[in-house]
Amino acid sequence: MVLVAGCTGDEPAPRRSEGTPGGGLTLRIVAGSEQKSVIDTIVTPWCESRGHHCVVTLQGSVDQARLLAAGSREHDVYWFASSVFSQLGDEATVLQDVKPMFLTPVVFAGWRSEMQRLGFAGRSDVGIAEILRAVESDRTRVWITNPTQSNSGATVLFGFMNHFAGNGPGTPLSAAQLDSPAVEQGVSRFVAAMDQTPPSTGTLMTECLARPTDCRTLFTYEDLVIEKNQELVRDGREPLVVAYPRGSLAISDAPLGFLPRGDDGDAGRRAAFRELQEHLLTDAGAQAQLRKLGRRPVGGVGLTLDNPDLSVFNPEWGIQATINEQGIQYPAAPVIRAALDRYQTRYRPPVDTFYCLDGSGSMASNEGWNGVRAAGRQIFDQGQAALTFLQTHPQDTTTVGIFTQDLVAGTPWRVDGDNRNALHGLVGRIDAYQPDGGTDMYACLRRAASDLSRLQAADRRRLVVLMTDGRSTGQNRDAAVAALTAVDVPVIAIAFGRDVDAAQLREVATATGGAYVQQDDLVAALRQAAGYK
């Protein structure tokens, strides 16, 4: 059987015996959320048919790369969404037998009515420059995942960087081009035009479809558009229509690789892994299932499909069964890393972030504050933040408020810019705090709205990150929600623990155009919230 766990934290998967009662073995697979439907439909039945116990952990691109680079041996198989982050994690080339499992292009998609209004629907010649003009002229509201946290955003970023550098599809971005005015100015303009930058592709798709008025177009994977359109049509809703950015087409290749542990079980695990690879690549039934899920085979000519199922690769959704264009060539790992570092510290607009953290007494008894302390080190310590591409921009402001029944005396603490010592000081203050008292998140939210209203500027973004484990008293509720709505500041609301009032957090997130996160791993949750920059 397969255990699918939505884990993004640092805790290793529990060790299990290598054998199974049916004579099979245990194969630990870490995969991106993009592969979930393939795992459920193809990998799970394959494991069961062989008597293997396949333990699957779903993790984001950054976490996979970080685990691999750190030398973790908790997983036997790594399945990235694309080779961008697999290159970052595998700079030491420890993965073996790495092969792409299927292909899917990254597309510009939007609601059918929006794509018709933009003049993109029904066309096969929409160029990247035309898409760029529509984005920069505010003719539509566009979402993209944060390129430093998600493969889909990173592939789009490199596609546009190649465009600004003047490179053809077969020419990768060079280190020298990163600092050219054409690339830096072009990418900065492009990123500034994005309305939302969720930290993962799964979150992007879920939130965009739930908020069609706010999310009119987006950059995402073709196969996920197909999956979601099948759901939308079943529900009687308007489907998405895609356009392929001509001249800068980025392709996801879903590389699957084996990581040996250096023990006696390697031979058996490697044999099972190779059998799984062969099943995905050559088995007629598996290939048919992949195509039904909107994945394109790697063994064909480019992205061209023979005898496509038009109910899947539906031309009414703008899906093109024949794509002759060459995908862009991704740069080497050092250039990828440098580009993602620059996104955080140079390309993206500055962000004013206000953290409202629950410091009530229950955060001590449920170990929540220890999670906040650990998250603070990963977000505010710039050495740690660089490991997950969450560095602070030189023009950011970072404010941390701790609340109980009111704001804790002496808070909020604010740091202007990216001064390493000042930001590390936030770590020390969070470490030193001892949880105590009751809970009223609304007092902190009112202060956040007041402080952020004074920082408003056209070239800046603002964000509130709220975390609580309880139910807040309601006397400040209406005023806090009204204040946040008036200044148009989204709230990323994190629900922690069993006693949290999820309805209160959902209300704040919905009213402000933010997001709701239910997560008992506070390190993962607060890092996810920070990834909205």
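Nothing here was measured: the structure is a model prediction, and the numbers come from that model.
- The shortest side-chain heavy-atom distance between W143 and L204 falls under the 4.5 Å cut-off.
- Of the residues D396, T392, T345, the one that meets the side chain to side chain contact (heavy atoms under 4.5 Å, CB included) test with D418 is T392.
- A heavy-atom distance below 4.5 Å is not found between the side chains of P172 and Y330.
- Counting only distance, with no hydrogens or angles, the side chain of R246 and the backbone of E325 share no donor-acceptor pair below 3.5 Å.
- No donor-acceptor distance shorter than 3.5 angstrom exists from the side chain of T140 to the backbone of V142, with no hydrogens or angles considered.
- With rounding to the nearest 0.5 Å, the separation of CZ in F496 from CG in L522 is 4.5 Å.
- V191 has its side chain within reach of P349: a pair of non-hydrogen atoms, C-beta onward, lies under 4.5 Å apart.
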* Asked: R216 and D195: salt bridge (Lys or Arg N to Asp or Glu O under 4.0 Å), yes or no, with the steps?
  -> CA-CA 10 Å; R216 301 301 303 163; D195 284 281; over 6 Å; no
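- Residue R348 holds its CZ atom at 8.5 Å from OG1 of T148, rounded to the nearest 0.5 Å.
- Here the side chains of I39 and L58 are in contact, with some heavy-atom distance below 4.5 Å.
- Formation of a donor-acceptor pair under 3.5 Å by the R295 side chain with backbone atoms of V38 is not found in this model.
- The six-membered or imidazole ring of Y355 lies near that of F380, with a centre-to-centre distance under 6.0 Å.
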* Report the C-alpha distance between S248 and N162 in whole Å, list the side-chain angles of each, state the deciding distance to 0.1 Å, and finish with yes or no for side chain to side chain donor-acceptor pair (under 3.5 Å). => CA-CA 7 Å; S248 190; N162 248 25; 5.9 Å; no
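- For the pair V517 and M467, the minimum side-chain heavy-atom distance is 4.5 Å or more.
- Ring orientation note: the planes of F80 and Y78 are close to parallel, at an angle under 30° on the 30°/60° scale.
- With R112 contributing its side chain and A121 its backbone, the two residues share no donor-acceptor pair below 3.5 Å.
- Of all heavy-atom pairs between E136 and F190, the closest is OE2-N, 4.0 Å.
- Here the side chain of R342 pairs no donor or acceptor atom with the backbone of E184 at under 3.5 angstrom.
- You'll find the side chain of N146 reaches within 4.5 Å of the side chain of Y343, heavy atoms only.
- The CG atom of L224 sits 7.5 Å away from atom NZ of K228, with the distance rounded to the nearest 0.5 Å.
- The shortest non-hydrogen separation linking T512 to L484 is CG2-CB, 3.8 Å.
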* To do: Take I226 and N229 through the side chain to side chain contact (heavy atoms under 4.5 Å, CB included) test and state the conclusion after the steps.
  => CA-CA 5 Å; I226 291 172; N229 271 356; 5.8 Å; no
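- When all heavy atoms of P147 and L157 are compared, the pair lying nearest together is CB-CD2, 3.8 Å.
- Listed for the D520 side chain is a donor-acceptor partner under 3.5 Å among the backbone atoms of G497.
- At distances below 3.5 Å, not a single donor-acceptor pair connects side-chain atoms of Q378 with backbone N or O atoms of R527.
- Judged by distance alone, with hydrogens and angles left aside, the side-chain atoms of R337 form no donor-acceptor pair with the main-chain N or O of A333 at under 3.5 Å.
- D358 and T468 share a donor-acceptor pair across their side chains, judged by distance under 3.5 Å alone.
- For the atom pair C356 SG and R447 CZ, the distance stands at 10.0 Å (nearest 0.5 Å).
- In this structure, E130 and R123 have side chains that are in contact, with non-hydrogen atoms separated by less than 4.5 Å.
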* Would you check, one step at a time, whether the test side chain to side chain donor-acceptor pair (under 3.5 Å) holds for T397 with D352? => CA-CA 5 Å; T397 66; D352 303 313; 2.8 Å; yes
* Do T155 and S82 pass the side chain to side chain donor-acceptor pair (under 3.5 Å) test, and can you show the C-alpha distance, the side-chain angles, and the key distance before you say yes or no? -> CA-CA 8 Å; T155 54; S82 85; 5.9 Å; no
* To do: Could you give me the CA-CA distance, side-chain angles and deciding distance for R461 and M194, then say whether side chain to side chain contact (heavy atoms under 4.5 Å, CB included) is met?
  => CA-CA 11 Å; R461 293 179 178 172; M194 298 297 107; 4.0 Å; yes
* With side chain to side chain contact (heavy atoms under 4.5 Å, CB included) as the test, would you mind laying out the steps for L357 and L526 before giving the verdict? => CA-CA 10 Å; L357 306 177; L526 287 166; 4.3 Å; yes
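- Between the side chains of R454 and S450, a donor-acceptor pair is found at a separation under 3.5 Å.
- One distance of note links CD1 of I336 with CD of Q87; it measures 4.0 Å at 0.5 Å rounding.
- Here E238 contributes atom CD and L232 contributes atom CG; the two are 9.0 Å apart, rounded to the nearest 0.5 Å.
- Taking each heavy atom of I328 and A250 in turn, the nearest pair found is CG1-CA, 4.2 Å.
- W369 and I430 make their closest contact through NE1-O, 3.1 Å (heavy atoms, listed as atom of the first residue, atom of the second, distance).
- Residues V135 and A193 approach most closely at CG1-CB, 3.5 Å, considering heavy atoms.
- Q344 places a side-chain N or O within 3.5 Å of a backbone atom of Q391 that can act as its donor or acceptor partner.
- Checking side-chain atoms of E114 against main-chain N and O of W111 turns up no donor-acceptor pair under 3.5 Å.
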* **Criterion ring pair (Phe, Tyr, Trp, His ring centres under 6.0 Å) on F219 and F160, from CA distance to verdict** => CA-CA 12 Å; F219 290 93; F160 275 92; 5.8 Å; yes
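- Here the side chains of W413 and V415 are not in contact, with every heavy-atom distance at 4.5 Å or above.
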* To do: Dump the intermediate steps for side chain to side chain contact (heavy atoms under 4.5 Å, CB included) on M205 and L218, then the final yes or no.
  => CA-CA 9 Å; M205 298 301 293; L218 69 160; 3.7 Å; yes
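- Around atom CZ of R346, more than 12 heavy atoms belonging to other residues, nucleotides or ligands sit under 6.0 Å away.
- Around atom CG of D416, more than 12 heavy atoms belonging to other residues, nucleotides or ligands sit under 6.0 Å away.
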